[in-house]
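Below, chain A is the first sequence line, B the second, and so on; all start at residue 1. All values reported here derive from a predicted model rather than from experimental measurement.
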Amino acid sequence: QKEVEQDPGPLSVPEGAIVSLNCTYSNSAFQYFMWYRQYSRKGPELLMYTYSSGNKEDGRFTAQVDKSSKYISLFIRDSQPSDSATYLCAMSERDNAGNMLTFGGGTRLMVKP
Amino acid sequence: SQTIHQWPATLVQPVGSPLSLECTVEGTSNPNLYWYRQAAGRGLQLLFYSIGIDQISSEVPQNLSASRPQDRQFILSSKKLLLSDSGFYLCAWEGFWNTGELFFGEGSRLTVL
């Protein structure tokens, strides 16, 4: 079993839909959670960074962490074709530990106009 | 502002040939630097990380090596490429607060034939 599981997709939705992207993990020591967006043939860019459980909102994006279920989500409201990309979750046990990030395999999202 | 540059963007090399990928960071000093490899449909695999000049840690045994001759320069090398070295190579630097947030370059796509 992988330490971080992510459905590879592709997930295809119409423009304007609410998108839910998810990751499950097995290591209960993970405390820092990140979402990256990666456009085709580009490097990933950091979207959201959260610590421990709870919600964090940034514009159309909401990151949710449920440590009791070992489950994190990224919600995208009013999805746009420009949101079409691969979304990677990443997590670590502590801060100051960029070398200890564990990435999911990524979910490919397609938003159709 | 901080920027990270990688080159070349695309590379096609024969088996057994050498490799040199370069990464430079601007707008910051003494950053933690990382080399990742991303295989198609798979997550990011950490190859090397560096906390300073000539300080390199290797995460995966392989025929690749890394060097950091200057504070903001990180080089990935190989003396003899294998077919299995094909992939998308990403350089990254860690955010100021060393919280594990990584900022990636545009990537270098290597095809070994």
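Within residues 106-113 of chain B, the residues approaching chain A closer than 4.5 Å by heavy atoms are, in numerical order, B:Glu106, B:Arg109.
Note on A:Glu45, A:Arg41, A:Gln6: by heavy-atom pairs under 4.5 Å with chain B, the leading option is A:Arg41.
Side-chain contact between A:Leu101 and B:Leu102: present, with at least one pair of heavy atoms (C-beta onward) separated by less than 4.5 Å. In this structure, the side chains of A:Lys42 and B:Phe88 stay at 4.5 Å or more apart for every pair of heavy atoms.
One hydrophobic cluster holds both B:Leu46 and B:Leu33 under the rule that ILVMFWY side chains link at heavy-atom gaps under 4.5 Å. Taken together through direct or relayed side-chain contacts under 4.5 Å among Ile, Leu, Val, Met, Phe, Trp and Tyr, A:Ile76 and A:Val65 form part of one hydrophobic cluster. Each of A:Tyr71 and A:Leu88 belongs to its own hydrophobic cluster when Ile, Leu, Val, Met, Phe, Trp and Tyr are linked at side-chain heavy-atom distances under 4.5 angstrom. Under the 4.5 Å side-chain heavy-atom criterion for grouping Ile, Leu, Val, Met, Phe, Trp and Tyr, B:Val12 is not connected to B:Leu83 through any hydrophobic cluster. By the criterion of side-chain heavy atoms lying less than 4.5 angstrom apart, applied directly or through intervening Ile, Leu, Val, Met, Phe, Trp or Tyr residues, B:Val25 is grouped together with B:Ile51 in one hydrophobic cluster.
To the nearest 0.5 angstrom, A:Thr102 atom OG1 is 11.0 Å from B:Leu44 atom CG. How far CZ of A:Phe103 is from CD of B:Gln38: 9.0 Å, rounded to the nearest 0.5 Å.
For B:Leu90, the part lying under 4.5 angstrom from a heavy atom of chain A is the side chain only.
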Run the side-chain donor-acceptor check on residues 7-21 of chain A: report pairs under 3.5 Å with partners two or more places apart or on a different chain.
{"residue": "A:Asp7", "atom": "OD1", "partner": "A:Gly9", "partner atom": "N", "Å": "2.9"}
{"residue": "A:Ser20", "atom": "OG", "partner": "A:Asn22", "partner atom": "OD1", "Å": "3.3"}

